Amino acid sequence: MTQLKKTALHQFHVDSGAKMVEFAGYDMPVQYPMGVMGEHLHTREKAGLFDVSHMGQCFIAADDGTFETAAKALEKLVPASIQDLEPGQQRYSQLLNKDGGILDDLMISRLGLKGHTHQLYLVVNAGCKVADYKHIKKHLPKGVNLSIKDDTLSLIALQGPRASDVLGCLNEAVEDLVFMTHTDLQLAGTLDEPLYAHISRSGYTGEDGYEISAKHDDMIRLVEHLMTYDDVEIIGLGARDSLRMEAGLCLYGHDIDTTTNPIEAGLIWSIQKHRREGGDYLGAKAVEETIKNKPKRKLVGILPEGRAPAREHTEIQDMDGKTIGEITSGGFGPTVGGPVAMGYVSRKFSKAGTPVQLIVRGKARPASVVKMPFAPHQYYRG
């Protein structure tokens, strides 16, 4: 049996009464005594704290010490524009294969700390990180280096409308950050001993909030301190999934993978206009052809009628009983108060309001195509 990996916060999860499950090779908390429903609603109403230390954290920098060299190298692997990132700015993108299929989705930041603005900070998915690192190393030119920090850095997310107030008690500067920006600073305030952290105003729940990277020992102290606030509850993978689904955010391995490209997945917004034609990156030709000819299928929101959720791989039919697609994510949305789902359908059925049928346990159940997100985004944009 393969030994599961543990994050630095593993004992904290066990001591907190978490139900632990295998996830991406790690022993991770899926829920706590509050339960998935309670954790989901608490995050929407106050502040949820997530351990996402299983995700990969790495840096890219060039030997010549310039940002331009590192950015040009990464632009060969992702469709997003990297060279125009300002210090402290973050961008979402995807690693692609030569056919335009998505190897992983990731967050890319240009560090803002004086003396470090030439470096790029990447956060990649846990289940893909080993392959990602190999892929990136293989394609970086000589003189541009990947530095993996999984053994030294932990990562948490603090999400919800009270997140800013809570973290602001440790350094009020975090309150001035806007969505998709980041900073490196000292957290002190009511902490017994200050610590340094990399903090971005981002997350994957649709809520306002932060992702915080710090050294393992510092992160344990920070989490224990944050949990002393009445507004903060620890949240497991179960609620993390329902929150991101209501927010209409893709989950790698479900809504996107090597068989989908960014245009089918509705991610053209993450490809800046000057990169949509003549882009010099792996998979560019396939992406450009999909933009030009339009995708044959599209990822859409599906709202099932009734209370029965439609799970992954549920068949989607048109009203004549012809198969037109498949659910890729589905479950109960506590904020919506009913089932929600995402899936791919033939493009002609992708317009919001289109009635469809979902085949659940052999029976056709009514549903409709809807616009996403299911719950409105609450990002802080200043």
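Remember, it's a predicted structure, so these values are computed and weren't measured experimentally.
The shortest distance between side-chain heavy atoms of Y92 and D105 falls below 4.5 Å. By the 4.5 Å heavy-atom criterion applied to side chains, H13 and M20 are counted as neighbours. Looking at heavy atoms from C-beta onward, D51 lies out of side-chain contact with Y26 at the 4.5 angstrom threshold. At least one side-chain heavy atom of L187 sits less than 4.5 Å from a side-chain heavy atom of I199.
Judged by distance alone, the side chain of S16 and the main-chain N or O of A18 form no donor-acceptor pair under 3.5 Å. Using a distance-only test at 3.5 Å, with no hydrogens or angles considered, no donor-acceptor pair links the side chain of D218 to the main chain of Y196. Here the side chain of Y379 pairs no donor or acceptor atom with the backbone of M180 at under 3.5 angstrom. A donor-acceptor contact shorter than 3.5 Å is absent between the side chain of Q90 and the backbone of M107.
In terms of heavy-atom proximity, S154 sits nearest to S53 at CB-OG, 3.4 Å. Of all heavy-atom pairs between A24 and G127, the closest is CB-N, 3.8 Å. Closest approach of P295 to E264, counting heavy atoms only: CB-CG, 3.8 Å. V287 and P262 get closest at one heavy-atom pair: CG2-CD, 4.2 Å. Residues M342 and L249 approach most closely at CE-O, 4.0 Å, considering heavy atoms.
Of the N and O atoms on the side chains of E75 and Q83, at least one donor lies less than 3.5 Å from an acceptor on the other residue. Between S213 and Q57, the side chains place a donor N or O and an acceptor N or O closer than 3.5 Å (distance only, hydrogens not considered). Residues T205 and Q159 bring a donor and an acceptor atom of their side chains to less than 3.5 Å of each other.
You'll find the ring centres of F59 and Y121 inside the 6.0 Å limit.
By the 4.0 Å N-to-carboxylate-O rule, D84 lies close enough to R91 to be salt-bridged with it. Between R365 and E305, no side-chain nitrogen of the basic residue sits less than 4.0 Å from a carboxylate oxygen of the acidic one, so the salt-bridge criterion is not met. Between R244 and D255 there is a salt bridge, since at least one side-chain N of the basic residue sits less than 4.0 Å from a carboxylate O of the acidic one. Using a cutoff of 4.0 Å between basic side-chain nitrogens and carboxylate oxygens, R201 and D208 are scored as salt-bridged.
Hydrophobic clustering keeps L282 apart from L106 (ILVMFWY residues linked when any side-chain heavy atoms are closer than 4.5 Å, directly or through intermediates).
Taking the six-membered ring where tryptophan is involved, the planes of H135 and H139 are tilted, since the angle between them lies from 30° to 60°.
A cation-pi arrangement is present between R297 and Y344, with the terminal nitrogen or guanidinium carbon under 6.0 Å from the aromatic centre and inside a 45° cone about the axis. Note that R275 lies outside the cation-pi zone of Y281, set by a 6.0 Å cut-off to the ring centre and a 45° limit from the axis.
Here T69 contributes atom OG1 and L140 contributes atom CG; the two are 12.0 Å apart, rounded to the nearest 0.5 Å.
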